[in-house]
Each structure stands twice: as C-alpha cells, then as structure tokens.
Amino acid sequence: MIELIEVCRDYVVGDQVVHALDHVSLRIPAGDYVSIMGPSGSGKSTLLNILGLMDRPTAGIYRLDGVDTSTMNDEELAHARQHQIGFVFQSFHLVPRLNALENVELPMILAGIPPKQRHSRSLGALAKVGLSKRADHRPNQLSGGERQRVAIARAIVMQPKLLLADEPTGNLDSKSGGEIIAILEQLNGQGLTVLVVTHDPAIGGRARRQLQFRDGRLLHDSGQS
Amino acid sequence: MLPRDMLRYVVVSTLSHRLRSALTALGIGIGVAAVVLLTSIGEGLRDYMLAEFTQFGTNIVAVNPGVNTTFGMPTGVLNTQRPLSLDDAAALRRVPWVVAAMPAIQGNASVKGNGRERRVTISGVGPEMPLVFSFRVALGSFLPPDDPRSPRAYAVLGSKLRKELFGERSPLGERVRVAGERYRVVGVMESKGTVLGFDLDDAIYIPAARALEMFDRESLMEIDVLYEEGAPVDEVVKGIRRVLSARHGGVDFTITTQQQMLDVLGSVLDVVTFAVGALGSISLLVGGVGIFTIMTISVRERTFEIGLLRAVGALRRQVRRLFIGESILLAAIGGVAGLLFGATIVRLVTLFLPGAPLSWSPAYAFAAELLAVLIGLVAGVVPAQRAAMLDPVQALRAE
C-alpha cells in the first residue's frame, strides 16, 4: 500500500540545510499496524506528514496504492487526503463551536455529501468509538479521551484505508490513552492500516511492526528480517 | 461543498463571536446609514427643487432674445439681433399646438396707493398669464384681453402688495400709481409664496405693452409659450423657430423648453446626491478596514482549524471562500442594520418635520447595501488568501 524509495525531506533553516528525512526506503502493506518511534527531531513527524500527503518529499518516490504521489497536483492531493487517509492529532483539533456530531461530519461537508447520508454515517462512526450518547456535546463538554475518540470518528468517517495518528495519547492520562490505543487496534482488526507516531515505548511496543528513527534515518525496522 | 453547508459554516463561525461580529458589522452599518441619510437629503432636495420649478406647469417653452453663442464674436459689431416684439408673441399663437404665447418683461418701480408706497417687482405680462403659469386670481379678475398694443391701464396686485397697501380692504376699483402712471386695480392674485428667494406675491402685474413703455425698452425679455398637454415638444419648438426666424430673417433668439431646464437642474441635483453619497461611503470604507482587521485576527486565531480543514481534504479555494464568506456576511449584516437604522431616522424626521426635504430612495439604499457587500468582499480577500495559502503542516502545529 505504501512504498517509499530513497525519500528525503530537507529544510533550509538560516543558511543550514537540515535533513529531516535522509534517504528513507520503506514498504508498508495494507492492513499493517506500525509504530514509528524516536526522539524529537528524529523525523518521525515529517514522515507522517509526507505519508499523509500534507508535505512533499524533496527527493525520492512515494507511491500510495501504486500511484506516484509526486505527479499529483494540489487538488488531487486534497482529494486523496479526503478519501484515503484519516488523521488523528495529539491535541485533537476539534472545532470548538461545533458539537461532536458536526465535527465528525466536517470531512463529509467538505466533500459535498448530502446531509441525510452524512448524519447516519457520522452516527455510525461515533458508535464505533462508543460515543453515540455524546453526539450533541461540544468539545469543551467532553473529557480528553472523549475528544480524541471524536477525532478518531472524524478520521474514519470517510472510510479511509490509512489512519495516521501523531502522538494520539500524548495529551491523555494512561487510562484514556489505553482506550484510544484499543480503539485503534480494533479498527486495525477490521482491515484499516494504522500508523502511530509515539515516543512511549509501551504504546509503540504493541504494534505489530516497529520503526525506529534517529536524525532522519530509519535506524531499525522490526518488520524487516 | 454544498452551498447551504458553506452558508451554515460561515454563519456559525460568525455567530460564535457575537460581540466581536456585532461591533465589526456596526462599522459598516454606520456607513450604510450615513449613505442612506445623506442620499435621502440629496433626493429630498432634488424633489423640493423640481417641485418649485414645475409649479408653473411643465408645458412651457421660453423664447428669449439673443443667441447663446459659444464663439468669441464681438457682439457689438455684428449685432443684427432684432428685438422680440409684441407682434412676435401674437405670431407665435398661430404655431400648431400652441395654446398661449405670453409676452413678459420685468422691472422694479414704486407703487403708490391708498396713501402708501412700496417698491415692488413690476411684471409686464399678457392676459393669459394665469393660464400659462397656473397662477390663480383670488379677487376680481386678471387683465382683460385688450388689444395687446394699446391695452387699458389695469393692474393686478400680488397678495402681499395688496396687504401692504390696502390691508384687509378690497382694492378692487382703486387707483394706484405705478412709476407715476395711473392704473386701476382689477384683481388680486392668490398667494404663491417665494420661489428661490423671489417673492411672487410682492409684485404687480400690468399689460406688457405698458411695461415696455414704462421701462423704455424695445424688446420683451421673454415670450412664454404654453402648448397643449401631450403635444410633441420638438414639433412645437420647430414651429416656433420657423415662425420667428421667418419674421426676423434668421435665428437671433433662444428657445428653452421647460423640460430642458428640468433636465439640467435634475442632472445638477443628481451630481449633488451622488457627491453626498460618496461622502457617506467614506465611513463605509472605514467599516471595511474594521472587517479587514477582524478577519486578519480571525485567520490567526483559527490557524489550526485551517490546517485541520486542509488535512481532511479542503482545497485552498474552499478555505478562501469560507473566509471571504464570513467577511461578506459581516458586511451584509451591518448593511441591513444600517439600512433599517437609516430608514427609521428618515421616517421619524418626516413624521415630526413633514416639510423636511428628505426622500428615502430605494435605488440608493440598494446601491449602499451592494457597496457594503462589495467592501466586505474586498476586505476579506487578503485575509482569506492568507488563510488559503497557509502551509497545512505549519498551521496544524499552531496552538
């Protein structure tokens, strides 16, 4: 599903070039459960942004489902993000003035899906994360764990194949963090490819496959024999 | 994105900052109210002026001696101009559609009567004057249809002159002296008030032939031609020109239709209304700056939301539209509030001061609202573009 060949991502900071990703090659088959670990500045977030089509590599090839993403224009990238990829962020990123249901609806609103269909699909997604009863609550009326569950519902409502989670438990206590990981694993069990960026070894260790990054390089890949 | 969803999104985010949105909209509202009020004053002034001018009737063509020349020809050397005579006026009565052609001449002189004296405007006119100027006689009758060349020495008083000289007593049949000549009063006109500072009631009306003699003039000042209602003005003007130029051997006179005068006056007043409207628009611009400021702040505050929208598949142009939509909505709300406020003020003023020259103009109100929306659009472009061009990765990092 995901294929990276010699991918680099360089930033120019002042007059210095920083290699956020340094010749990374990687294959992730569909349905995999992968954790990406490493200290801050190791390039794991950059990798996630590139995989999520929010950022483009400076060099190398990224194929998503066999399609070379470097040939895609902004509109095609947005379309791919909309239909193939779901994002979960460390700080949830819910829109404060919308209730849980409306937050989950947001991707479908942007995609122009009619309200009736939107409604039932959002309720379905909220049911999957166990939040059906809180659909009309605003984010500030929800606990951290509940907010992250709303965010997961939003990430899966378009039925993507790939879920990217950037430190999804970083702002949560260990109990709600555990619940979030359980939900992600359950979704993975239903066939969703899940990538989790974390620096918590306990969480990273649960993944079927673990990638270790340091200084923009893939240091260790547990899936490679 | 469906249009109603876009509208809903824009409305919800505008309403999420009630006070801030209300204050921003207020800026535009004040601007629109200013435009509405100022243009109402302009339109009111226009209506007032036009009413002043049309009270004499609109089917009038004025003929004056001389030509409005645009060449710098020394008029003393090549002056072949012939005077407008009483016979000219008589001849013009035979032009098709013409109902009356009235000679007119004006001057100032003292009028003595009942032991009092007053200096007033002397109008030398024809017996058709009440008909031509829709001016009614209050007492007695107007000048009789005598031979225009040797009319009897009758005079008709303006209402103010009558009051000054005779008080409440009937002046009919009394003798007055106009510039030393004896006249008999046969009538008193109804009060017509002042027109542009000229008191029509402080006047005396005598036959034109006698006024020519009194002021020792050869030429009439004007011949006022009244034509039938609904007659083709151009044909009437052509007829007048044909008859007069045949008599004078050339065009040495100027024909002005009432319509032309009204057109010129109207266009001047249009410019005035437009100018005061433009003045009001300055406050609209200030309101636009307010919207620009708030939208800039809003984009900064909602950076993560923009990043999120982009992450879940929003195109740059969708983000741009959402923010421009908010900007337009703020302006439109302010505009409607301003229209209501302005309209209320106009209503209140006309209610308590019925004579005030204020006239609510829907066209200008609509233009003001349109301008407000346009200002909202323009004010929103730069912040919305900034939002659209944000790098989603950077935007999501913002807290």
Can you tell which part of [X] gets under 4.5 Å to a heavy atom of chain B, answering side chain, backbone, both or neither?
X	value
A:Glu102	side chain
A:Leu98	side chain
A:Pro160	neither
A:Leu94	backbone

Margin query: So, taking the atom named CG in B:Leu2 and the one named CD1 in A:Ile113, what distance separates them when rounded to the nearest 0.5 Å?
Written below: 9.5 Å

Next item on the list: To the nearest 0.5 angstrom, please state how far the CE atom of A:Met54 sits from the CG atom of B:Leu396.
Entry: 4.5 Å

Check: Does B:Gln318 use its side chain to pair, donor to acceptor, with the backbone of A:Leu110 at less than 3.5 Å?
Finding: yes

Note to self: Quick one: does any side-chain atom of A:His93 pair with a main-chain N or O of B:Glu305 as donor and acceptor, under 3.5 Å?
What the structure shows: no

Closest-packed option against chain B by number of heavy-atom pairs under 4.5 Å, given [options]:
options	result
A:Asp74, A:Leu53, A:Thr46	A:Asp74
A:Asp166, A:Leu77, A:Leu106	A:Leu106
A:Arg81, A:Glu75, A:Arg97	A:Arg97
A:Arg154, A:Met108, A:Met158	A:Arg154

Within a radius of less than 6.0 Å around [atom1] of [X], do more than 12 heavy atoms belonging to other residues, nucleotides or ligands occur?
X	atom1	value
A:His119	NE2	no
B:Arg300	CZ	no
B:Arg316	CZ	yes
A:His199	NE2	no
B:Arg347	CZ	no

Check: Among B:Val312, B:Asp5, B:Leu309, whose side chain to side chain contact (heavy atoms under 4.5 Å, CB included) with A:Ile109 holds?
Finding: B:Asp5

Check: Measuring heavy-atom distances to chain A, does B:Arg310 have an atom under 4.5 Å in its side chain, in its backbone, in both, or in neither?
Finding: both

Margin query: Counting only non-hydrogen atoms closer than 4.5 Å, does B:Leu308 touch chain A with its backbone (N, CA, C, O), its side chain (CB onward), both, or neither?
Written below: side chain

Item checked: Exercise: identify the closest heavy-atom pair between A:Ala78 and B:Ala314 -> CB-O, 4.2 Å

Next item on the list: Can you see which heavy atom on A:Phe87 is nearest to which on B:Ala311, and at what distance?
Entry: CE1-O, 3.4 Å

Notebook entry, point to check: Below 4.5 Å, heavy atoms only, C-beta onward: do B:Val393 and A:Ser45 meet side chain to side chain?
Noted result: no

